[in-house]
Peer 1: 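Below are the structure tokens for one structure; questions will follow.
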Amino acid sequence: MTNIKEDAGRVEWRIRVDEKDGSSDQVLETEPGPANGFCRVFKCLVANKFSMRLLRFLKKAWHLGVDDPRKVFHCLKVGIALSVVSLFYYMRPLYDGVGGTAMWAVMTVVVVFENTVGATISKSLNRAIGTCLAGLLAVGIHYVASKSGNKLEPVIVGGSLFLLASAATFSRFVPAVKKKFDYGTVIFILTFSLVSVSGYRVEKLFDMAKQRLSTIIIGTSLCILTSMLVSPIWAGQELHCLIIKNMEKLATSLECCVAEYFDDGQKTTSAPVQNLQAYKCVLNSKATEESMANFAAWEPAHGSFNFQHPWKQYLKIAAAMRDCAYCIEALNSCISNKTQASKSMKKHLSDICLKVNSSSGSILRELAINLETFKKTSKMDISIEEMNNSVQEVKNYLKSLPGLVLTPTTSETKSSETAIMEPLLTTNTIPLVEVIPLVTFTSLLIEIPTRVEAIVDAVEELANKAKFKPAPDDKPKQNEQNNKTVSEQLNDEKTMKTLQSV
């Protein structure tokens, strides 16, 4: 008989020999070899690597929960909904009441429950409507097929299944159906197939369809109530906040980009890379904005949002912001360009360019404040006028560059616009290589106010449709204007009376 023992890397062999007169034991020990040491090292490395990955995963999960606690609440809401709906399976009276199909309610909660209220309502209604339509059609076709005889019954059921499944699948390619009812179409195909196929062998088809429909309604109702009553996350509110954040990031990126380009090197620190590239959040959020706007249309009135809030207008604002972000991206590429204008040329153009930059950024920030407070102010017209005046100054400056580049200037022909370039001229003209990068950047900067005005128009359209209230500072002005109009009307009436008397 042989026994093997392993202790502290040493293997011990024990051999027992049984004889008639007695027995004897002999122990053989082997020293640990290189193979055993390699195995131990390999096991330690694998264990340490796995533990490090586990720690990193737990650390990321912890930061994710700390950054957005609503995700943790969503997990708790899913657990609450599943715990409540599972009572229909665990409790015998409830289980018998739904006919033993309580598992469909559990499956409905797992599939339907989403992070936002709008997404949950959308999937719940799609599932309920798709199940109802498919169940009614399947029961009706089964009734017609059962009255047609044993030979025609499988033909009618199979043909209807082929036609309806093909038509429903084709409808998923229609943009309007795919946008709002794609999930409902899938449920329609699934339910109609299950009821039709199982109804060929099941006698009480109507009772089975009724039980499944009741359990699905129980699951969807529980999901909607839980998502709306327990720490709700509204898709409309998320879309509103996302547009505001993107607008602020757009203003920050624009200001940092222009300031970085005209930096004369005296600043100890440059703009952070995150601020320079903040516009990328605007470019990458199109899919999120579209999905949120789609889900927000399913939500009831909540907070400052009415039942028919113009959610599609947010997509127009986002599209205008993306146009502005593309222009900022082109500006950002000029910073890293190898060919740059001289610092002296940048210095003479920096003041008016920074003025355009400041006015454009202030307008974007003011729009973000108006969206956040649901207010509209009349100061926007003044800000836009200042921005356009700054742009006109830049255009007037650029008009002087062709003469400076192509023809020499003399004291007799020197104009007031070219006088500001005098410190730059070591000769009579400016090298064309130094002018092109600066003109390129300035031309792109001139395009920014046009894009900003498009954003202003989209926000004003939203304010009119959503009926934003005027800002408190604008109410006295409106009262003054109303009083002026009333006094003007009285004066007009007096003049008309005097003319009639004459």
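The residues of the chain are indexed from 1 along the displayed sequence. As the structure is a prediction and not an experimental result, all values here were calculated from the model.
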Peer 1: Locate the shortest heavy-atom distance separating Ala251 from Gly361; write the atom from each residue and the value.
Peer 2: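 Ala251 and Gly361 have their closest heavy atoms at CB-O, 3.8 Å.
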
Peer 1: Give me the atom names and distance for the closest heavy-atom approach of Ser253 to Tyr279.
Peer 2: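 The answer is OG-CD2, 3.2 Å.
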
Peer 1: CG/Asn332 to SG/Cys327 distance, rounded to the nearest 0.5 angstrom?
Peer 2: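 These two atoms lie 11.5 Å from each other.
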
Peer 1: Do Val459 and Met380 have side chains that get closer than 4.5 Å, going by heavy atoms?
Peer 2: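 No - every pair of side-chain heavy atoms lies 4.5 Å or more apart.
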
Peer 1: What heavy-atom pair brings Phe181 and Asn126 nearest, and what distance separates the two atoms?
Peer 2: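 That closest heavy-atom pairing would be CA-OD1, 3.2 Å.
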
Peer 1: Kindly give the heavy-atom pair with the smallest separation between Asn357 and Ala259, and that separation in Å.
Peer 2: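 What the structure gives for the nearest pair is ND2-N, 4.5 Å.
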
Peer 1: For Val282, is there any backbone N or O sitting under 3.5 Å from a side-chain donor or acceptor partner on Lys249?
Peer 2: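 A pair under 3.5 Å: no.
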
Peer 1: Could you go step by step and tell me if Lys60 and Leu64 meet the side-chain contact (heavy atoms from CB on, under 4.5 Å) rule?
Peer 2: CA-CA 6 Å; Lys60 290 181 180 179; Leu64 184 65; over 6 Å; no

Peer 1: Side chains of Phe113 and Leu82, heavy atoms from C-beta outward: is any pair under 4.5 Å?
Peer 2: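 Heavy-atom side-chain distance check fails, nothing below 4.5 Å.
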
Peer 1: For the residue pair Thr185 and Ser171, what are the closest heavy atoms and their distance?
Peer 2: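 What the structure gives for the nearest pair is CG2-OG, 3.6 Å.
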
Peer 1: Out of curiosity, Leu367 CG to Ile243 CD1, how far, rounded to the nearest 0.5 Å?
Peer 2: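 The CG atom of Leu367 sits 12.0 Å away from the CD1 atom of Ile243.
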
Peer 1: With rounding to the nearest 0.5 Å, note down the distance linking CD1 in Ile189 to OG in Ser166.
Peer 2: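 It is 9.0 Å, given to the nearest 0.5 Å.
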
Peer 1: Applying side-chain contact (heavy atoms from CB on, under 4.5 Å) to Glu453 and Asn388, what does each step give before you reach the verdict?
Peer 2: CA-CA 10 Å; Glu453 287 186 10; Asn388 292 331; 2.9 Å; yes

Peer 1: Less than 4.0 Å between a side-chain N and a carboxylate O, is that true for Glu393 and Lys355?
Peer 2: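 Here Lys355 pairs with Glu393 in a salt bridge, since their nearest N and O are under 4.0 Å apart.
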
Peer 1: I need the single residue from Glu248, Glu255, Glu372 that forms a salt bridge (Lys or Arg N to Asp or Glu O under 4.0 Å) with Arg365. Which is it?
Peer 2: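 The option that passes is Glu255.
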
Peer 1: Taking Thr120 for its side chain and Glu114 for its backbone only, find out whether a donor-acceptor pair lies under 3.5 Å.
Peer 2: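 At least one qualifying donor-acceptor pair exists.
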
Peer 1: Do Leu222 and Thr108 make a side-chain contact, defined as non-hydrogen atoms from C-beta onward lying under 4.5 Å apart?
Peer 2: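 Side-chain contact under 4.5 Å: no.
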
Peer 1: Search all heavy atoms of Ala330 against all heavy atoms of Leu444 and return the closest pair with its distance.
Peer 2: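 Closest pair (atom of Ala330, atom of Leu444, distance): CB-CD1, 3.7 Å.
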
Peer 1: Are the side chains of Cys241 and Gln237 in touch, meaning some heavy atoms are under 4.5 Å apart?
Peer 2: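 In short, these two side chains touch, coming nearer than 4.5 Å.
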
Peer 1: What do you reckon, is CD of Glu385 surrounded by more than 12 foreign heavy atoms closer than 6.0 Å?
Peer 2: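 12 or below, so no.
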
Peer 1: Show the numbers, then the answer: is there a ring-ring contact (aromatic ring centres under 6.0 Å, His included) between Phe262 and Phe441?
Peer 2: CA-CA 11 Å; Phe262 289 103; Phe441 184 87; 5.6 Å; yes

Peer 1: What is the ring orientation for His302 with Trp234, classed by angle as parallel under 30°, tilted 30 to 60°, or perpendicular over 60°?
Peer 2: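 His302 and Trp234: parallel rings.
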
Peer 1: Do Trp62 and Lys59 have side chains that approach each other closer than 4.5 Å (heavy atoms only, starting at C-beta)?
Peer 2: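 Of all side-chain heavy-atom pairs linking Lys59 with Trp62, none is under 4.5 Å.
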
Peer 1: About how many Å separate OG1 of Thr116 and CZ of Arg70, when rounded to the nearest 0.5 Å?
Peer 2: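 Reported to 0.5 Å precision, the distance equals 10.5 Å.
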
Peer 1: Report yes if the side chains of Thr215 and Met107 come closer than 4.5 Å at any heavy-atom pair, otherwise no.
Peer 2: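 SC-SC contact between Thr215 and Met107 ruled out.
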
Peer 1: Has the side chain of Asn370 got a donor or acceptor atom that lies under 3.5 Å from a matching backbone atom of Glu460?
Peer 2: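 Not a single qualifying donor-acceptor pair exists.
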
Peer 1: Do Leu250 and Ile455 pass the side-chain contact (heavy atoms from CB on, under 4.5 Å) test, and can you show the C-alpha distance, the side-chain angles, and the key distance before you say yes or no?
Peer 2: CA-CA 11 Å; Leu250 201 66; Ile455 300 175; 4.1 Å; yes

Peer 1: What do you reckon, is NZ of Lys465 surrounded by more than 12 foreign heavy atoms closer than 6.0 Å?
Peer 2: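 For Lys465, atom NZ is crowded (more than 12 foreign heavy atoms under 6.0 Å).
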
Peer 1: Can you confirm if the aromatic rings of Phe295 and Trp298 lie within a centre distance of less than 6.0 Å?
Peer 2: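 So the answer is no for these two rings.
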
Peer 1: Taking the side chain as every heavy atom from C-beta outward, state whether Trp311 and Met292 have any atom pair closer than 4.5 Å.
Peer 2: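 Not touching, per the 4.5 Å side-chain cut-off.
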
Peer 1: Do Glu289 side-chain atoms and Leu315 backbone N/O form a donor-acceptor pair below 3.5 Å?
Peer 2: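 No, because the side chain of Glu289 does not come within donor-acceptor range (under 3.5 Å) of the backbone of Leu315.
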
Peer 1: Look up atom OG in Ser122 and atom CG in Asp182, then write down how far apart they are to the nearest 0.5 Å.
Peer 2: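 The OG atom of Ser122 sits 10.0 Å away from the CG atom of Asp182.
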
Peer 1: Does Ser359 reach the main-chain N or O of Val356 with its side chain, forming a donor-acceptor pair under 3.5 Å?
Peer 2: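 Yes; at least one donor-acceptor contact below 3.5 Å.
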
Peer 1: Restricting to side-chain hydrogen bond (donor to acceptor under 3.5 Å, both in side chains), what partner residues turn up for Ser358, sequence neighbours left out?
Peer 2: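 If we apply the side-chain hydrogen bond (donor to acceptor under 3.5 Å, both in side chains) test to Ser358, skipping adjacent residues, there are no hits.
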
Peer 1: Between OG of Ser360 and CZ of Arg451, what distance do you get to the nearest 0.5 Å?
Peer 2: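 Ser360 atom OG to Arg451 atom CZ measures 12.5 Å (nearest 0.5 Å).
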
Peer 1: Okay, side chain of Thr226, backbone of Cys223: is any donor-acceptor separation there less than 3.5 Å?
Peer 2: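 No, because the side chain of Thr226 does not come within donor-acceptor range (under 3.5 Å) of the backbone of Cys223.
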
Peer 1: Kindly indicate whether the side chain of Val456, heavy atoms from C-beta on, has any atom under 4.5 Å from the side chain of Ile363.
Peer 2: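 Side-chain contact under 4.5 Å: yes.
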
Peer 1: Does Lys376 make a cation-pi contact with Phe468 (under 6.0 Å, within 45 degrees of the axis)?
Peer 2: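 Pair Lys376/Phe468 does not count as cation-pi.
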
Peer 1: Under 30°, 30 to 60°, or over 60°: which ring-plane class applies to Phe374 and His240, parallel, tilted or perpendicular?
Peer 2: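 Judged by the thresholds at 30° and 60°, the geometry between Phe374 and His240 is parallel.
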
Peer 1: side-chain contact (heavy atoms from CB on, under 4.5 Å), that's the test. Do Ile233 and Phe73 meet it? Break it down for me.
Peer 2: CA-CA 10 Å; Ile233 301 175; Phe73 285 108; over 6 Å; no

Peer 1: Hey, is the main chain of Ser231 close enough, under 3.5 Å, to the side chain of Lys77 for a donor-acceptor pair?
Peer 2: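 Side chain of Lys77 to backbone of Ser231: a pair is present.
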
